[in-house]
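Naming: A, B, ... by sequence-line order, numbering from 1 per chain. The figures here come from the full heavy-atom set of this structure, side chains too, leaving out hydrogens, waters and symmetry mates.
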There are 2 protein chains.
Amino acid sequence: MQKPMELIDPKICRNTAAIFRALGDASRLQLLALLAKREMCVTELTEQLNDNLPAISQRLKLLRAERLVKTRREGKHIYYSLADNHIALLIENGLAHGSEADDSVCSNQETGET
Amino acid sequence: MQKPMELIDPKICRNTAAIFRALGDASRLQLLALLAKREMCVTELTEQLNDNLPAISQRLKLLRAERLVKTRREGKHIYYSLADNHIALLIENGLAHGSEADDSVCSNQETGET
DNA sequence: TGCTCATTCAATCAACCAATCAAGTGATTG
DNA sequence: CAATCACTTGATTGGTTGATTGAATGAGCA
């Protein structure tokens, strides 16, 4: 056996993996990309994403648990935004890579454009 | 309803999410971090990570399917390495964020250190 | 204070995921 | 060409995850 190499601290590893896992879903990613532009409340997100409200609330709950988004209450509305700029960078970075990746991974080729 | 905002192309979104999902596991992340240093064959990875061989092979299969790693055969050995530098950057970036994150997320505090 | 709107929470269920083990493949060596 | 080494594959199985529904909460307004 070769000399053992330095491994990453397991705690950090789990932490980081949790962040990546939270980013690892198309619906959540779309949601985050929207929040990267500006803060929004659940209702507006629901309309923008054309999805049902509890589902989005559920996703936001998960993202909040992983501290990827933060909230701000204003009267009746609760506004969501990205927790910090680091996250925005990570998303941007990932999307850049995801864009240039080949399309042979996806079997369906709907454009989704209006 | 406010004016609809530009959503990300669903195909790109799924693609990116798939990459993040592949990164979203502590074992795989540790594996990738090791490969970020230098290419290695399965046997060596098994020793370095102190895990069983089929498990690691299985993880590599998944990572290969998502094109995060690439292989190079040399005689009996198959050497694995990161698919491209973009991936290395993404991992580095994520780990940086994962390191500075608080530890209250994890409920168990085993160190896992030998 | 009671009503309503915006949103969250809790529980259930289906789908997906990853670990494991045994068997298979493909390249080198005698 | 048969054996061995290095690794992959396939099937199973237990554990996680996410969607859904309906009830609950909390702020503002009459």
Measuring to OP1 and OP2 of C:dA19, would you say a side-chain N or O of B:N52 lies under 4.0 angstrom away?
no
Do A:L23 and A:R28 have side-chain heavy atoms sitting under 4.5 Å apart?
no
Salt bridge between B:R14 and A:D25, side-chain N to carboxylate O under 4.0 Å?
no
Assign each of A:K76 and A:K61 the nucleotide of DNA chain C bearing its closest heavy atom; nearer the 5' end lies the nucleotide of A:K76
Return the value, rounded to whole Å, for the distance between atom CZ of B:R72 and atom P of D:dA6.
16 Å
Can you tell me how far P of C:dT8 sits from OH of A:Y79, to the nearest Å?
13 Å
Looking at every heavy atom in both A:N52 and A:T46, which two are closest together, and how far apart are they?
C-CG2, 4.1 Å
Rounded off to whole Å, could you give me the CZ-to-P distance for the B:R73 and C:dT25 pair?
14 Å
Donor/acceptor link under 3.5 angstrom from A:Q58 side chain onto base of D:dT20
yes
Which of the following nucleotides, D:dT8, C:dA6, C:dT8, is nearest to the side chain of A:Y80?
C:dT8
Most 5' of B:L53 and A:G75 on DNA chain D, judged by nearest nucleotide:
B:L53
Mind checking whether B:H86 and A:H97 have parallel, tilted or perpendicular rings, split at 30° and 60°?
perpendicular
I need the CD-P distance between B:Q30 and C:dA19, as an integer number of Å.
14 Å
Assign B:L62 to base, sugar-phosphate, or nothing according to its heavy-atom contacts below 4.0 angstrom with the strands shown.
sugar-phosphate
Taking OP1 and OP2 of D:dG18, is either one under 4.0 Å from a side-chain nitrogen or oxygen of A:R28?
yes
Whole-Å distance separating the CG atom of B:L23 from the C1' atom of C:dA18
16 Å
Taking the side chain as every heavy atom from C-beta outward, state whether A:K70 and A:R64 have any atom pair closer than 4.5 Å.
no
Report the nucleotide, chosen from C:dT8, D:dT20, C:dC21, that has the shortest atom-to-atom distance to any side-chain atom of A:R64.
C:dT8
Grab the CD1-C1' distance between B:I78 and C:dG26 for me, whole Å please.
9 Å
Please check the phosphate of C:dC16 (OP1 and OP2 only) for any side-chain N or O of B:R21 closer than 4.0 Å.
no
May I have the distance from A:D25 (atom CG) to C:dA15 (atom P), rounded to whole angstrom?
17 Å
Whole-Å distance between C:dC21 C1' and B:I56 CD1?
16 Å
